[in-house]
*Asks:* 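I have a structure here, written as structure tokens, and I will follow up with some questions on it.
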Amino acid sequence: MAQPQIKLYYKNVFADVIGDEHGITTNQFDDLAVLTSPLIARLNKQKEEEDSSTPYRKLPLRKDIRDDVKDMAADVKADCDTLVVLGIGGSALGNIALQTALNPFMYNIDDKQRSGPRLFVLDNVDPAQLASFFDWLEDGLGRTIFNVISKSGRTSETAAQLLYVRKLLTDKLGPDACKKQIIATTDEKAGTLRTIVQKEGYRSLIVPDRVGGRFSVLSAVGLFSAEMCGIDIDALLAGAADMDAKVSCENFKKNPAAINAAINFHFYTRGKKTSVMMPYSNALKDMADWYRQLWAESLGKSTDVKGNRIERIGPTPIRALGATDQHSQVQLYREGPNDKLFTFLKVKEFNGEIETGPAPRCTSDLDFLANIKMSTLLNNEKLATEYALLQDRRPCLTILFDKVDAYTVGQFICLFEVTTSFAGALFNINPYDQPAVELGKEATFALMHKPGEYKKGWTYRDFADEIRSRTDIDEEFLV
Ligand code: PA5
């Protein structure tokens, strides 16, 4: 049987389908091809440069990383019933997305459906959630591995979780437990977490140089939990490598990432500044969450590639889920402002299936739902929503999955990462930094009483005073 694939379907963005006022005309599409084509060669060249800004594109071929991940997993898997990932943002969302996409819905609950440890990704510091989790974990603590992931090693949320876990392991299981049960994934040489690894003797994996969090899912960041939980990481990387070849194609009309980015860019410039990704598949729902971070953090920028101030740029990504959100969002999507581009994710062959039963004799109202496959209903709901949106002249893209497996998920990840690179180039911004996130991180340090200087002549204490002057509750406005 042929290898399952994903494909981008883009007919329903054209003026022929939704009219000139909202659709893309053939001439406009040709202009987009002219604008985007040179970027393909530019991105291909960038990929090969020694100090490339896109080293993420080489990850699918990094056998060294794959081997390290497999060796580490082989070392710890037999003694591990529960794997806990500590991380946030790009150090967590890929792990969650892979697990939701590629393992069964009841993976953590049903031993029959598990081919590895239970997986929990703790990507917040909500005390109630953590208290409940660690309360549950108590008896199983000795057979738990903690994978703490932080590229910088200085992210407060992840660092605070690590401090708690160190204390817990040491108090409950003795001084050597951390060395046995903590695996740190961080920068190879620099950063606080690397220092802790070296001084306290934890095992570790590497976040490759210059690969930012949201582009790191195909490094040890995402691969370790995937490998532990029985996901075929070879197929995942093979799918990504296959897509990387497709998105390197210098013929615009055969390059799905270039077309995807060009269409997104075009609609943004015409006032459709919101991008809704709507999978009709629960397996893909967290892939849409992963995409949301990738798109938002990469493209929301106020300076161009040279650092000059520009008119602020930023398509707003929204995650929706079909059919669930038909009953929550579609009223807005059809009758609200026509300011959105929709990207559906549709699956041909699902990884499980059930059929409804016979209709009750007392009424013929439900006959049309009798003895049908749920996949038929779900996929027809996608068509129904798409049709309804097209009636209101809303542009729609679809990513068609032959099926959701490691190979097609690898393709999807690569497609959207490279689409983001193309979009960054079209907007003339740097999609690989996140300066605006840094301010919040530094402000947290200040409020948490970090000592020392924040900026020249300005201590963290001064900074905390400034923050409080803007954020302390003013009773006058409290009702
Ligand atoms: O994409 C990014 O760069 C961010 O979302 C980071 O992944 C996130 O802030 C966590 O950073 P770190 O891995 O350094 O703890």
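Because the structure is predicted, anything quoted here is derived from the model rather than measured. Order of listing sets the numbers, starting from 1, for every ligand and every atom in it.
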*Asks:* Step through it carefully: locate the ring centre of F412, locate the ring centre of F401, and say whether they are under 6.0 Å apart.
*Replies:* yes
*Asks:* Pairs under 3.5 angstrom only: tabulate donor-acceptor contacts from the side chains of residues 124-139 to other protein residues two or more places apart or in another chain.
*Replies:*
| from | atom 1 | to | atom 2 | distance (Å) |
| --- | --- | --- | --- | --- |
| D126 | OD1 | A128 | N | 2.9 |
| D126 | OD1 | Q129 | N | 3.0 |

*Asks:* Side-chain contact test, heavy atoms from C-beta onward, threshold under 4.5 Å: evaluate it for L119 versus M228 and give yes or no.
*Replies:* no
*Asks:* Using heavy atoms and a cut-off under 4.0 Å, could you grab the residues that are in contact with ligand 1, chain by chain, numbers ascending?
*Replies:* I88, G89, G90, S91, S150, K151, S152, T155, G213, R214, Q293, E297, Q434, K441
*Asks:* Angle class for the F463/W458 ring planes (parallel below 30°, perpendicular above 60°, tilted otherwise)?
*Replies:* tilted
*Asks:* Compute both the distance and the angle, then confirm whether K450 meets the cation-pi test with F445: under 6.0 Å from the six-membered ring centre, within 45 degrees of the axis.
*Replies:* yes
*Asks:* Is it the case that K273 places NZ or CZ above or below the six-membered ring of Y268, under 6.0 angstrom from the centre and within 45 degrees of the axis?
*Replies:* yes
